[in-house]
Amino acid sequence: MFEYELHQIRSADLIREAQNHRLVREALRLRRDARKAAAGEPEAEGQSTSHSNRPRRPRFARAA
């Protein structure tokens with residue numbers, strides 16, 4: 001019975017930790033979006049921008 005209670009405590013702790021992590025990520029995302037909006041940058045939904053103008057590396061190697 002003692003092990004079960006320890007498991008319940010650990011499970012609740014992990015759930016709380018995950019909720020805090022999600023909250024921090026959401027706050028950072030909102031701050032980043034607000035900073036971009038203040039700078040007048042257009043929002044790029046689902047598209048990552050690169051720091052350079054070089055084309056991306058091909059995803060797969062060329063066949064021999």
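- No side-chain heavy atom of Arg22 sits under 4.5 Å from any side-chain heavy atom of Glu26.
- Atom CZ of Arg31 is surrounded by 12 or fewer heavy atoms from other residues, nucleotides or ligands within 6.0 Å.
- Atom NE2 of His21 sits about 13.0 Å away from atom CD of Gln19, to the nearest 0.5 Å.
- Residues Arg10 and Leu6 fail the side-chain proximity criterion, which asks for heavy atoms closer than 4.5 Å.
- Expressed to the nearest 0.5 Å, how far CD1 of Ile15 lies from CD of Glu17 amounts to 11.5 Å.
- Of the charged side-chain nitrogens involved, none lies within less than 4.0 Å of a carboxylate oxygen, so that Asp33 and Lys36 do not count as a salt-bridged pair.
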